[in-house]
Amino acid sequence: MSATLPLASQNILIIGGARDIGFAIANAIHEAGATPVIGARDLVKAREAAERIPGARAVGIDITDEDSIVRALDEVGPLDHIVTTASAHHNVPVSQLDHDHVVSAFEAKVIGPMLLAKHAAKTVRPDGSLLLFSGVAAWNPSPGYAVMGITNGAVTYAVTHLAKELAPIRVNAISPGIIDSGSWDAMGDNAKHEFLEDSGRATLVGRVGRNDDIARAVLWLLEGSFVTGETIHVDGGARIA
C-alpha cells in the first residue's frame, strides 16, 4: 500500500462495520490505506463483510458487554483508531416506554462507548482517536423519538468529557442526518422512495445523505489531529432547516 495514502499502515476498528454505513466506512478506510478491523456482535457477519474488503480483519464484539469489549481489544492488538456506529432503537411514544429497551438504547449509544473508552485508552496509540456516532434526532425533537434524541444528545456530551480525560487520544462524534444507507430498504421501494424524498425536502441542501458523505467525514476526523471533543454534523442542515 502506498505510503502517500492518508491512513497508510494504520489499524482501525469499526464496530458495526458489517453493514450499511459501517461497511461503507470500513471500505473507505481500506481505500485510504489502512487495515479495517470489522467488529460485529455476529462474528459470522463480521467475517463475511471482511471477506469483501482486501486485507480486512474481523472480530466479534458486543459493545453492551464489557467482557466482550476486553476480549475483542485483546484479540485485535494495538489500534490507531476506533469507530463505533452501534445503536439500539426504541422509537415509541413516551407513554409506551419499556424500561429494558430504554436501557438497551443507552447501553449501545452511551454506556458501551464509555466502557469502550475505558479499555481503548490502553490500546489506542496516543495520537489516535475514538469516534462515536450521534444523530440529528438529538436536535429535532419529535414525538416517538425521545429515546433516540436523548441518547444521541448524550453522545455529544460524552465526547467532550472523554476527550478531556483520554487526552492526547482524541474523541469526537459524527451526527448524521437521514442517510440512504441501506437501513431503510426494509420499508419497500415505494415507501422508501417517498420517505427519502420527504426527508430530502426537509434539509437545506435538498437531498438526504449518502454513505460516502459519512465515510468522507469519518476519514477527515481520523486524520484531523487538531480536532477533539467535537460533534460534526453531517445532516445537510436538517437540524436548522
Side-chain angles (χ1 to χ4, degrees), residues 1 5-89 107-109 112-113 115-117 119-120 122-125 128-135 155 169-174 176 179-186 209-223 234:
M1 192 66 68
L5 293 174
L7 299 176
S9 303
Q10 295 190 12
N11 295 300
I12 302 172
L13 172 62
I14 310 97
I15 301 171
R19 59 191 293 268
D20 301 337
I21 289 175
F23 183 77
I25 293 169
N27 196 57
I29 283 170
H30 160 69
E31 292 177 352
T35 297
V37 183
I38 295 177
R41 183 181 297 179
D42 187 329
L43 180 56
V44 172
K45 291 183 178 178
R47 286 173 173 164
E48 289 174 348
E51 289 173 358
R52 297 165 57 194
I53 301 177
R57 301 163 58 195
V59 67
I61 182 169
D62 179 353
I63 200 169
T64 69
D65 181 338
E66 186 172 7
D67 289 340
S68 174
I69 292 171
V70 172
R71 287 194 301 270
L73 294 180
D74 285 344
E75 180 179 338
V76 301
L79 292 164
D80 295 278
H81 307 277
I82 300 176
V83 180
T84 175
T85 67
S87 64
H89 300 308
E107 285 182 331
K109 276 284 188 177
L115 294 175
L116 176 68
H119 298 286
K122 307 167 192 172
T123 191
V124 172
R125 62 181 172 85
S129 71
L130 179 62
L131 180 57
L132 311 185
F133 265 65
S134 178
V155 171
I169 294 173
R170 297 179 296 109
V171 186
N172 293 297
I174 284 179
I179 308 297
D180 186 5
S181 63
S183 62
W184 308 105
D185 293 354
R210 298 182 290 263
N211 282 337
D212 64 317
D213 292 316
I214 303 302
R216 284 196 297 266
V218 168
L219 294 182
W220 179 75
L221 279 173
L222 297 185
E223 298 171 43
V234 189

Can you give each donor-acceptor pair under 3.5 Å made by side-chain atoms of residues 67-76, sequence neighbours left out, with the distance rounded to 0.1 Å?
| residue | atom | partner | partner atom | Å |
| --- | --- | --- | --- | --- |
| S68 | OG | D62 | N | 2.7 |

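Checking side-chain atoms of S87 against main-chain N and O of K109 turns up no donor-acceptor pair under 3.5 Å. N11 contributes no side-chain N or O that, together with a main-chain N or O of D80, makes up a donor-acceptor pair within less than 3.5 Å. Of the possible donor and acceptor atoms, none in the side chain of H81 sits under 3.5 Å from a partner among the backbone N and O of I12. When atom types are taken as modelled, the side chain of T85 and the backbone of I15 share a donor-acceptor pair closer than 3.5 angstrom.
Nearest heavy atom pair, residue I21 against residue S181, reads CG1-CB, 3.5 Å. Nearest approach of I169 to A120, heavy atoms of both residues: CD1-O, 4.5 Å.
W220 places none of its side-chain heavy atoms less than 4.5 Å from the side chain of V234. No side-chain heavy atom of I29 sits less than 4.5 Å from a side-chain heavy atom of Q10. Between L222 and V83 the shortest side-chain heavy-atom distance falls below 4.5 Å. Residues L7 and L219 meet the side-chain proximity criterion, which asks for heavy atoms closer than 4.5 Å.
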Go through the steps for W184 and D20 under the test side chain to side chain contact (heavy atoms under 4.5 Å, CB included), then give the verdict. CA-CA 10 Å; W184 308 105; D20 301 337; over 6 Å; no
Between I63 and L116, does a side chain to side chain contact (heavy atoms under 4.5 Å, CB included) hold up when you go through it step by step? CA-CA 7 Å; I63 200 169; L116 176 68; 4.3 Å; yes
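Among N211, I53, D212, the one residue that satisfies the side chain to side chain contact (heavy atoms under 4.5 Å, CB included) test with N27 is I53.
Shown here are the side chain to side chain donor-acceptor pair (under 3.5 Å) partners of H119, two or more places apart in sequence or in another chain: E66.
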